A.B. asks: 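Take a look at this one; I'll ask things after.
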Amino acid sequence: EHDSDDDSYEVLDLTEYARRHHWWNRLFGRSSGPIVEKYSVATQIVMGGVTGWCAGFLFQKVGKLAATAVGGGFLLLQIASHSGYVQVDWKRVEKDVNKAKKQLKKRANKAAPEINTLIEESTEFVKQNIVVSSGFVGGFLLGLAS
């Protein structure tokens, strides 16, 4: 008899593993737990702020580029349609959009448990690294503003 796939996996706590295996300590350092144990508060805020600023800045630039591409493409399509180069079957477009909506609703319902797990893991990470996380959020907002 075979066990199910879920039963064959074992959860490995790296902090406990590091305490028991000295080679792990030599390779990754004494503290391989949350980042709170490794660096001072000021260092954590700076690290979170810098990475947040970079992420916010890139998010802003990519967002502008995507909006420009989508808007420009829509504008060109409208000009081509108005000039008679392109004929759009709006009834078919509406039918396809409704079909896509139904498929997205079905997939969203199936993905709900996976999303909840991701949210729980993210929440736990933020709780363990609150200083870095708050620095990241501040830096991200500054990156969006710049």
Side-chain angles (χ1 to χ4, degrees), residues 5-6 9-146:
D5 288 339
D6 294 336
Y9 295 108
E10 175 183 336
V11 176
L12 179 63
D13 182 12
L14 289 181
T15 55
E16 186 62 34
Y17 186 82
R19 287 186 190 110
R20 286 183 284 150
H21 295 84
H22 298 290
W23 65 269
W24 184 272
N25 287 337
R26 277 184 263 137
L27 185 63
F28 292 106
R30 282 255 175 245
S31 176
S32 58
I35 200 168
V36 174
E37 299 173 2
K38 296 180 186 178
Y39 300 104
S40 70
V41 173
T43 304
Q44 292 178 58
I45 290 174
V46 169
M47 286 173 34
V50 168
T51 55
W53 183 86
C54 291
F57 186 76
L58 288 174
F59 187 79
Q60 174 201 28
K61 295 300 180 186
V62 169
K64 283 183 181 178
L65 181 66
T68 302
V70 169
F74 184 72
L75 181 65
L76 288 175
L77 183 63
Q78 287 295 330
I79 291 171
S81 175
H82 185 69
S83 300
Y85 291 109
V86 177
Q87 292 292 329
V88 179
D89 185 0
W90 289 108
K91 291 193 186 279
R92 184 172 179 189
V93 170
E94 183 179 1
K95 180 180 145 190
D96 289 345
V97 167
N98 288 334
K99 183 178 176 182
K101 280 183 187 178
K102 288 178 185 176
Q103 288 178 347
L104 283 174
K105 283 182 183 178
K106 287 180 185 177
R107 289 184 185 171
N109 292 336
K110 289 180 183 177
E114 296 165 357
I115 292 172
N116 288 337
T117 303
L118 180 66
I119 290 171
E120 289 171 5
E121 290 174 1
S122 301
T123 303
E124 187 63 30
F125 176 80
V126 169
K127 284 180 183 176
Q128 288 181 351
N129 301 298
I130 190 71
V131 178
V132 173
S133 300
S134 55
F136 180 86
V137 169
F140 186 82
L141 293 174
L142 286 173
L144 281 178
S146 59

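Note that the numbering runs from 1 along the sequence shown for the chain. It should be emphasised that the depicted structure is a prediction, and the values quoted were computed from it without experimental measurement.
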A.B. asks: Looking at T51 and M47, would you say the former's side chain and the latter's main chain have a donor-acceptor pair under 3.5 Å?
C.D. replies: yes
A.B. asks: Can you measure from CH2 (W53) to CG (L58) and round to the nearest 0.5 angstrom?
C.D. replies: 8.0 Å
A.B. asks: How close do F57 and S146 get, counting heavy atoms only, and between which atoms?
C.D. replies: CD1-OG, 3.7 Å
A.B. asks: Given Q103, which partner from the list K106, K99, K105 fulfils the side-chain contact (heavy atoms from CB on, under 4.5 Å) test?
C.D. replies: K99
A.B. asks: Can you tell me how far the NZ atom of K91 sits from the CD atom of E94, to the nearest 0.5 Å?
C.D. replies: 7.5 Å
A.B. asks: If the condition is side chain to side chain contact (heavy atoms under 4.5 Å, CB included), which residues does V93 pass it with, not counting sequence neighbours?
C.D. replies: V88, W90, V97
A.B. asks: Would you name the heavy atoms of S133 and F125 that are closest together and state the gap between them?
C.D. replies: OG-CE2, 4.4 Å
A.B. asks: Which pair of non-hydrogen atoms, one from Q44 and one from V131, has the smallest distance, and what is that distance?
C.D. replies: OE1-CB, 3.6 Å
A.B. asks: In Å and rounded to the nearest 0.5 Å, what is the CD1 to OG distance from I130 to S134?
C.D. replies: 6.0 Å
A.B. asks: Specify the closest pair of heavy atoms between F136 and A55, including all atoms of both residues, with the distance to one decimal.
C.D. replies: CZ-CB, 3.9 Å
A.B. asks: Could you list the residues that satisfy side chain to side chain donor-acceptor pair (under 3.5 Å) with T43, not counting sequence neighbours?
C.D. replies: S40
A.B. asks: Can you measure from CG (L77) to OH (Y85) and round to the nearest 0.5 angstrom?
C.D. replies: 14.5 Å
A.B. asks: For residues H82 and Q78, determine if any side-chain heavy atom of one lies less than 4.5 Å from a side-chain heavy atom of the other.
C.D. replies: no
